[in-house]
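Each residue takes its place number in the sequence, starting with 1.
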Amino acid sequence: MRSVAEHLAAVLSLGAPLPAVTVPLAKALGCVLAAPVRAATPLPPYDSSAMDGYGVRAADVALVPVTLAVLDAAPAGSPAALTELPAGACVRILTGGLVPPYVDAVVAVEQTDGGRTTVRIDVSAPVGQSIRRAGEELPAGAVVIPAGRRLSPAGIMAAAAAGSGTVTVFRRPRVAVLSTGDELVAAGSPLGLGQLPDSNGPGLAAAVRAAGGEVVAVEHAPDDVAAVAATLARLGSLADLVLSTGGVSAGAENDPIRAALEGSPDVQFVAVAMQPGKPQAIGRVGSAAYLGFPGNPVSSLVSWTVFGRPLLRSMAGVSAVSPVSAAVGAPATVAILAADVQALPQRQRYVRARLTRAPDGGPAGAGALAVVPIDGYGSHLVGGLGETDCFIEIPPGAETHEAGSAVRIVLLEGS
Ligand code: AMP
Ligand code: MG
């Protein structure tokens with residue numbers, strides 16, 4: 001058996017970052033920047049008011065109260081027409097409005113009587129008050145987001161504010177998902193005797209999307225060697241990464257993935273020292289990277305999380321320029337166990353768990369992240385996936401990890 005780390009290294013060697021492409025912002029969420037986003041203008045782009053109020057010359061409000069003539073208005077998007085400001089006058093200005101060059105301070109409306117033709121100003125204003133200066137955050141051309149960062153909603157907002165309608169990112173990996181098994185029917189269809197809904201197909205497709213991949217096919221093949229071989233060949237020609245579930249265990253006569261691919265120089269069948277997820281297929285089909293996961297739903301989701309997702313992220317460019325190389329692996333963190341978990345002697349154990357908070361007065365302190373293992377270790381126990389936020393990762397060993405101890409967890413997207 002190979003260790004999880006050894007298999008992950010083999011998996012990651014299957015995929016390099018895909019070529020850079022320029023995409024509209026609306027398609028860029030979750031993509032990794034292949035080139036920095038730079039500010040097209042100074043940020044902010046122009047001198048603007050931070051308040052609703054009156055644009056004045058500070059000298060005119062040095063002695064208060066004072067009444068000024070209101071000669072023009074500058075709401076956001078409609079600069080004042082007035083080109084010069086006579087002494088004793090001001091312009092009404094609203095938040096985001098362009099500050100005219102003759103104005104050197106803004107008095108908030110709350111510090112006035114709010115008049116429209118004349119206004120009584122009650123409080124003096126120092127030069128610069130409530131004016132957001134052009135370029136006070138960044139000059140034009142400055143890097144707003146460095147290459148290598150994954151675009152989050154915050155990043156999309158920053159890129160838009162910097163004037164970018166498009167961004168240059170590593171192409172989103174195209175992923176095909178294939179479920180195998182004669183017993184499977186599409187979720188929601190009536191079940192005949194001995195039939196089961198295909199849960200891996202929809203689940204893995206959602207996981208791929210959540211991780212930033214583009215799902216190009218979600219298919220099912222019966223336990224028929226020729227059908228599986230033909231489907232894999234076709235999927236291999238349209239995807240960057242093909243994932244299959246089921247049909248990889250040794251020895252069963254109905255394991256069509258093994259029957260179709262064993263003997264291919266491009267695919268290996270290996271046993272990985274983990275539970276669940278021990279039988280794995282790895283290699284290439286056509287020009288695509290290929291991972292074959294075992295069919296039990298928990299096994300397939302653990303396999304995706306531990307191997308598939310890091311490969312997808314690496315193909316999506318996370319490793320290419322990111323200083324955070326750990327981000328190539330699954331996002332992992334540490335949490336406090338809420339119940340005992342027994343390690344397995346030879347295998348790394350992945351236990352489904354729900355996130356919660358450590359109790360007050362516990363050793364980890366109030367509010368620390370805690371995990372409640374979900375009952376049942378059977379990899380067929382699909383119901384518990386409904387409240388699974390993460391997998392607890394228990395290295396091989398003999399010990400019991402006791403409630404209150406810290407453990408490594410691997411988070412699922414959306415938890
Ligand atoms: P296999 O790896 O093909 O031997 O499948 C192992 C177990 O997982 C069997 O009980 C299958 O019925 C079940 N299984 C396989 N594929 C799926 C799937 N796509 N959705 C739900 N259960 C599955
Ligand atoms: Mg099967």
Visitor: Within this structure, what is the CD1-OG distance for the pair Ile145 and Ser152, rounded to the nearest 0.5 Å?
Guide: 7.5 Å
Visitor: Please report the closest heavy-atom contact between Val167 and Ala159, naming both atoms and the distance.
Guide: CG1-CB, 4.3 Å
Visitor: Would you say Arg174's side chain and Ala239's backbone share a donor-acceptor pair under 3.5 angstrom?
Guide: no
Visitor: Is the backbone N or O of Ala58 less than 3.5 Å from a side-chain atom of Asp104, with the two atoms forming a donor-acceptor pair by type?
Guide: yes
Visitor: Taking the side chain from Thr305 and the backbone from Leu301, do they hold a donor-acceptor pair closer than 3.5 Å?
Guide: yes
Visitor: Got a donor-acceptor contact below 3.5 angstrom from the Arg309 side chain to the Trp304 backbone?
Guide: no
Visitor: So Asn200 and Ser179, side-chain hydrogen bond (donor to acceptor under 3.5 Å, both in side chains) or not? Walk me through it.
Guide: CA-CA 7 Å; Asn200 297 349; Ser179 298; 5.6 Å; no
Visitor: For the side chain of Thr168 and the backbone of Pro36, is there at least one donor-acceptor N/O pair under 3.5 Å apart?
Guide: no
Visitor: Check the side chains of Tyr290 and Ser244 for a donor-acceptor pair under 3.5 angstrom, ignoring hydrogens and angles.
Guide: yes
Visitor: Using modelled atom types and a 3.5 Å cut-off, is there a donor and acceptor pairing between side-chain atoms of Arg172 and backbone atoms of Gly212?
Guide: yes
Visitor: With a 6.0 Å cut-off (strictly less than), is the heavy-atom count around CE of Met1, excluding the residue itself, greater than 12?
Guide: yes
Visitor: Looking only at non-hydrogen atoms, find the nearest pair between Val64 and Val123 and report the distance.
Guide: CG1-C, 3.8 Å
Visitor: So Val371 and Val407, do their side chains get closer than 4.5 Å, heavy atoms only?
Guide: yes
Visitor: Check the side chains of Glu393 and Tyr350 for a donor-acceptor pair under 3.5 angstrom, ignoring hydrogens and angles.
Guide: yes
Visitor: Taking all non-hydrogen atoms of both residues into account, name the closest pair between Cys90 and Val119 and its distance.
Guide: SG-CG1, 3.7 Å
